[in-house]
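Encoded as structure tokens, the structure appears first; notes follow it.
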Number of protein chains: 2
Amino acid sequence: MNSNNVTIYDVAREAGVSMATVSRVVNGNPNVKPTTRKKVQDAIDRLGYRPNAVARGLASKKTTTVGVIVPDISNIFFADLARGIEDVATMYKYNIILGNSDSSRDKEIHLLNTLLGKQVDGIIFMGGRLHEDLVEEFKKSPVPIVLAATLNQGYDLPAVNIDYEQAAYDATHMLISHGHERVGFITGPLEQQINGEKKFAGYRRALEDAGLPFHENDMILGNYTYASGLEAMQKMLQRDDCPKAIFAGTDEMALGVIHAIQDAGYSVPNDFEVVGHDNTRLATMIRPKLTTVVQPMYDIGAVAMRLLTKILNAEEIEEKNVVLPHRIERRDSLRQD
Amino acid sequence: MNSNNVTIYDVAREAGVSMATVSRVVNGNPNVKPTTRKKVQDAIDRLGYRPNAVARGLASKKTTTVGVIVPDISNIFFADLARGIEDVATMYKYNIILGNSDSSRDKEIHLLNTLLGKQVDGIIFMGGRLHEDLVEEFKKSPVPIVLAATLNQGYDLPAVNIDYEQAAYDATHMLISHGHERVGFITGPLEQQINGEKKFAGYRRALEDAGLPFHENDMILGNYTYASGLEAMQKMLQRDDCPKAIFAGTDEMALGVIHAIQDAGYSVPNDFEVVGHDNTRLATMIRPKLTTVVQPMYDIGAVAMRLLTKILNAEEIEEKNVVLPHRIERRDSLRQD
DNA sequence: TTTCCAATTGGAAACGTTTTATATCGCATG
DNA sequence: CATGCGATATAAAACGTTTCCAATTGGAAA
């Protein structure tokens, strides 16, 4: 743990040039004679000089660091997203400061301010819902903010998502097309626009298009976890008119649903058919393997980060509200056609 | 996106004091008269002043930021660990710069240098194996480095782990005590000390203690993934003398093992018994629920970060090589006694 | 009053870069 | 041989804090 304190000035002295020249060499500025460059480079190697990014940040007003606000990194869904973000960030020489918000408004705002204090060059935000106060803070931000897997709720914020309404429609429709007249819908809290407006709307539209009525109690809300999916399905199974087809809002909930069904002695897909949402790695880690809506988390993260770099470089941006394609991956939780 | 550029100097002028005084107020230094403090605080609020952490970092040589090097954040195991780290970091007012190494030596070294360039106050490292070159770099680090879920391989590095040898012993022993004379061992690459030395040693010791011979081909190595666990078990099932008890090096592999067994038409736990390792959330997301060694990932992360803060604060440290307790969580992949 | 000491406050020098404006060098051109 | 210009290099001023040290203030004690 020696203290590494060789500065640009030491290098300059060692190489017999000014610090400005060293700075140019370090930053790959072309206005340096090759012989000088070599001389400086040698001095750098000899001294083991490593530029101080903090000083650089102060002087240049750029930190090549972006903030990432995520509800919970231990959630496989956000972990995948984060990986996509980090990979692209690395590609563009940025680092990531990661913070968990637990979807709490206060933590989100606090985190945002901490990140801004640290002078990040931009921020990627994930969260179930955009609280009004948060949006106010966003508006005051001196750096760009991009939403990932988070709807912008009509605010003028760049965002990367899939078409959740259509995805839910497709999933429900697929179930209906298998002859089901009732389709259960087990998902997360309705306050979150993705559920409350998008998925719910898609679900209802599919029912309507098929001429089927919407039954209030065919829908059960949980909190995205395996346990809540299990519990919701157990509850539903107690009813005589229990739907034999279930669309679950996340894969994790879908696993819970399948196990509840199996625990009750029924078979998937023979007695019940199930479709999930997200296509996390869980989808293939269950028997029967889960048919699910493919939401490309990694890609959403990657595209969000790429979008942020474009904004930071003032590149031309064709569309600030990106909608990535989705599809349904057919596996064994659905009967063959 | 207004440019927020009110500095400590602006606040000083507004409050009619010197910047030194503002600095004291901002940092909670007690040597400020209450009336002055209030005057300054008002000015801060009025101007919406937010201290520039980069400038602060330059002047104080502390960034309240720690680096976290992880093989792959999208791996549920490391995601949990990271969450533990971040929670404790937040508690102590630190932020986390997170980087994925994919366990590549080059990426690890590159990441380390980037982090040191950014002047992090400390680093938490996770990785399957400590490459010699990396350790060289560690030694040169001007800031402390703590290993999490990573053995220090005899180097003098603070680390937080469980006793992997004993855990593997316990798991194997439990299987043997159920009457099995052969126990399959399906785990990750042996180059990683945790597998190659610790778990392997525990497995063998349990066999020896029971007077059972070690069969080379009862051990199959994969890469920690579900798919590799599945594949390994499929291979094992083709043998006439296939062990009827399996100890899997990770839960994810254990799920693969169980599914391979079930796919072949056998039952767990009636025909085969399986014990996993880690107790990730996956363990309860399978039928039968997985009996597994509890490795407290979150805690390891939390303790590692706490250890780092102790080192940073020069607090008394009783033991730099922390070994957290483990236990086996009995679930349904094992028959009742 | 004076005197002194503790409590406050202020001034200014770091901290290690980038960047701008300025100088110098080398050499082709007239 | 002087001129001019592009290519390089230098000097010094930011950047926004913290922090050391000196200065000032306000009372309590003398």
Aromatic centroids of A/Phe125 and A/Phe138 separated by under 6.0 Å: yes
Are B/Phe77 and B/Tyr224, when compared by the centres of their aromatic rings, separated by less than 6.0 Å? no
[N] OP1/OP2 closer than 4.0 Å to side-chain N/O of [X]:
X	N	result
B/Tyr9	D/dA14	no
B/Thr36	C/dT8	no
A/Asn31	D/dA9	no
B/Thr7	D/dG16	no
B/Asn52	D/dC15	no

Pair assignment for D/dA30, Watson-Crick or G-U wobble, requiring both distances under 3.5 Å: C/dT1
When you look at CG of A/Asp156, are more than 12 heavy atoms from neighbouring residues, nucleotides or ligands closer to it than 6.0 Å? no
For B/Glu316, does the CD atom have more than 12 heavy-atom neighbours from other residues, nucleotides or ligands under 6.0 Å away? no
Calculate the interatomic distance between [X] atom [atom1] and [N] atom [atom2]; express it in whole Å.
X	N	atom1	atom2	result
B/Ile8	D/dT19	CD1	C1'	11 Å
B/Gln119	C/dG16	CD	P	9 Å
B/Lys118	C/dC15	NZ	C1'	19 Å
B/Arg13	C/dG11	CZ	P	14 Å
A/Arg50	C/dC15	CZ	P	19 Å
A/Ile44	C/dT17	CD1	C1'	13 Å
B/Lys62	D/dT19	NZ	P	9 Å
B/Met19	D/dT19	CE	C1'	10 Å

Here the pair of heavy atoms bringing A/Val143 nearest to A/Asp121 is CB-O, 3.4 Å
Should the pair B/Arg83-B/Asp80 be classified as a salt bridge under the 4.0 Å nitrogen-to-oxygen rule? no
Minimum-distance nucleotide to [X] side chain [options: [options]]:
X	options	answer
B/Ser60	C/dT18, D/dA11, D/dT19	D/dT19
A/Ser18	C/dT17, D/dA11, C/dA12	D/dA11
A/Ser23	C/dT18, D/dA11, C/dG10	C/dT18
B/Thr21	C/dT17, C/dG10, D/dT17	C/dG10
B/Leu58	D/dT17, C/dG11, C/dC15	C/dC15
A/Ala59	D/dA9, C/dA12, C/dT18	C/dT18

Going by modelled atom types, is there a donor-acceptor pair between the base of C/dG10 and the side chain of B/Arg24 at under 3.5 Å? yes
Map A/Lys33 and A/Pro51 onto DNA chain C by nearest heavy atom, then report which one ends up closer to the 5' terminus. A/Pro51
Position toward the 5' end of DNA chain C (nearest nucleotide), B/Lys61 or B/Arg37: B/Arg37
Hey, does A/Val32 reach any base, or is it just sugar-phosphate, or nothing, if we go heavy atoms under 4.0 Å? sugar-phosphate
Heavy atoms only, 4.0 Å cut-off, all strands: where does B/Val17 land among base, sugar-phosphate and nothing? sugar-phosphate
Between A/Pro34 and B/Ala55, who's closer to the 5' end of DNA chain D by nearest nucleotide? A/Pro34
